[in-house]
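For reference, the structure is listed below as structure tokens.
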Protein chains: 2
Amino acid sequence: MGGRRERLRAETTAEIKQVALKLMATGGPDAITLRAIAREMGMTANAIYGYFATRDDLVTTLINEVYTALADAVDSAWAEAAAAHPAGRIQTWARAFRDWALANPEGFRLIYGDPVPGYQAPEGGAAPDAAHRVCTGIAALADAAWPYAESLYAHSDFQWSDFDDGLLGKVRPAFPDLPPAGVALALRIWGHLHGLVSLEIYGHLHTQTINPDKLFQEELTQLVRSLGVAPET
Amino acid sequence: MGGRRERLRAETTAEIKQVALKLMATGGPDAITLRAIAREMGMTANAIYGYFATRDDLVTTLINEVYTALADAVDSAWAEAAAAHPAGRIQTWARAFRDWALANPEGFRLIYGDPVPGYQAPEGGAAPDAAHRVCTGIAALADAAWPYAESLYAHSDFQWSDFDDGLLGKVRPAFPDLPPAGVALALRIWGHLHGLVSLEIYGHLHTQTINPDKLFQEELTQLVRSLGVAPET
DNA sequence: TGAAGGAACTATACGGCGTGAAGTTTCCGT
DNA sequence: ACGGAAACTTCACGCCGTATAGTTCCTTCA
């Protein structure tokens with residue numbers, strides 16, 4: 001075990017994924033075809049079946065990796081701004097989210113759109129896990145803002161049972177003071193940011209406004225304001 | 001002109017679109033294939049080229065029709081709630097938006113997602129127009145809320161030049177009292193609602209919360225609150 | 001050392017896809 | 001009645017995922 005055979009195998013697997021990502025970056029998620037990957041690698045399409053049972057398996061793996069990359073990006077942005085005022089920290093996180101999406105539009109489509117004709121996401125896997133990581137990141141925003149915002153959500157009647165156990169398994173230990181209403185707030189913020197970024201990535205915002213940047217900045221300003229967190233300046 | 005030939009042609013065109021929509025409803029946007037449509041109609045795939053220059057042309061036409069249907073749905077909901085309090089009227093509109101999406105998830109994907117492998121939306125066409133109609137609908141929400149919300153956006157420095165002329169051509173005549181900051185608010189609300197609905201349609205919300213209904217209702221409650229519009233009850 | 005076994009890969013094939021070119025039928029206007 | 005156009009079919013090409021069978025080569029163990 002751990003011999004040359006398995007090392008070569010791991011390298012080939014990595015190359016397949018890398019080539020697939022390169023194809024996706026240039027031609028969109030639809031460009032991920034076994035034949036194109038094999039062509040790029042000087043192989044036959046069928047050889048890939050030795051590494052991935054099916055094309056959807058490969059796509060699933062890619063989704064997991066890309067989603068993890070997104071989660072890493074926003075997590076590290078959050079960590080780097082640890083010392084900042086909550087308002088600035090929240091804005092840093094959100095900007096990292098949008099910046100990653102703009103830098104990896106195909107990755108964003110891969111994660112959040114219909115990645116490939118007929119692709120159906122499997123039940124388990126790392127993608128829900130990465131999604132939970134992202135949600136946990138937003139829960140961190142909510143947690144940071146909660147001392148300011150709590151009074152606004154006094155009448156919200158959410159219970160823990162309203163949420164997914166896998167998500168709560170990450171959120172509750174990390175933020176023991178955050179109540180169910182705070183998790184709902186986090187999901188809503190996620191939706192807000194996802195919506196604006198998604199519209200932009202898919203080109204729908206472009207037909208409405210000249211500079212989405214300004215709109216997003218306004219969103220962030222109003223976000224921290226609506227949370228009751230005083231802006232930095 | 002206006003003879004039997006052209007009537008038959010119009011009927012066939014309509015049947016192609018209808019069959020395509022039926023296929024989409026059952027198998028998703030990816031099921032829209034010329035061969036499947038032709039099979040359903042007892043024709044050859046190439047016969048469709050007499051009616052649509054290419055498959056993307058057909059998809060574009062479908063997008064226009066479906067988008068128009070969405071715009072009609074939310075417009076009529078807005079009109080029916082004309083007498084209601086602004087808070088209720090806004091919530092009625094937003095619920096109509098989400099209800100339409102949940103009732104026509106494939107249509108939503110067709111409009112807002114990657115409809116079909118490699119499809120690229122053309123520059124002009126009716127889709128941007130329908131998008132402007134939807135945005136104008138949200139501008140109506142903003143306009144209704146503006147008397148309450150204006151003070152919150154006093155420091156926003158948006159200008160007319162920040163927005164698309166086609167959109168302004170519809171919004172400014174309809175709502176002469178709405179300033180640029182109000183249009184920005186409308187786009188932000190659009191993004192918020194789109195994000196939550198989009199996450200739900202694509203199944204990402206499902207792995208976080210048990211009942212998206214409740215989350216969306218919370219969103220509406222907080223929306224009217226953040227606009228300063230007193231809730232009805 | 002040499003044979004067994006399995007992993008890696010190729011060859012071939014099938015059906016489905018969009019699309020182009022050429023041929024055939026059917027109908028309309030003159 | 002006839003010329004021409006519109007509607008439609010047939011055939012072909014290259015793309016796709018994938019199943020099956022066959023081949024080559026490395027590793028491991030007796």
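Reminder, nothing fancy here: chain letters follow the sequence lines and each chain counts from 1.
Candidate nucleotides dC9(C), dC17(C), dT10(C) were compared by shortest atom distance to the side chain of Thr12(A), and dC9(C) ranks first. Candidate nucleotides dG18(C), dT9(D), dT18(D) were compared by shortest atom distance to the side chain of Met43(B), and dT9(D) ranks first. Here the nucleotide nearest the side chain of Thr44(A), chosen from dC16(D), dA19(D), dT10(C), is dT10(C). Nearest to the side chain of Arg35(A), among dT19(C), dA13(C), dC8(D), sits dA13(C).
One atom, CZ of Arg55(B), and another, P of dC15(D), lie 17 Å apart when rounded to the nearest Å. The separation between Leu34(B) atom CG and dC8(D) atom P is 14 Å, rounded to whole Å. Between the CG atom of Leu8(B) and the P atom of dT26(C) there is a distance of 15 Å, given to the nearest Å.
One side chain, Tyr112(A) or Tyr67(A), offers a donor N or O that lies under 3.5 Å from an acceptor on the other.
Of the side-chain N and O atoms in Tyr49(B), none sit less than 4.0 angstrom from OP1 or OP2 of dC8(D). Residue Thr33(B) has a polar side-chain atom (N or O) positioned under 4.0 Å from OP1 or OP2 of dC17(C).
Between Ile48(B) and Ala53(A), the residue anchored closer to the 5' end of DNA chain D is Ile48(B), taking for each the nucleotide with the nearest heavy atom.
As judged by a 4.0 angstrom heavy-atom cut-off over every strand, Phe52(A) is placed among residues making no nucleic acid contact.
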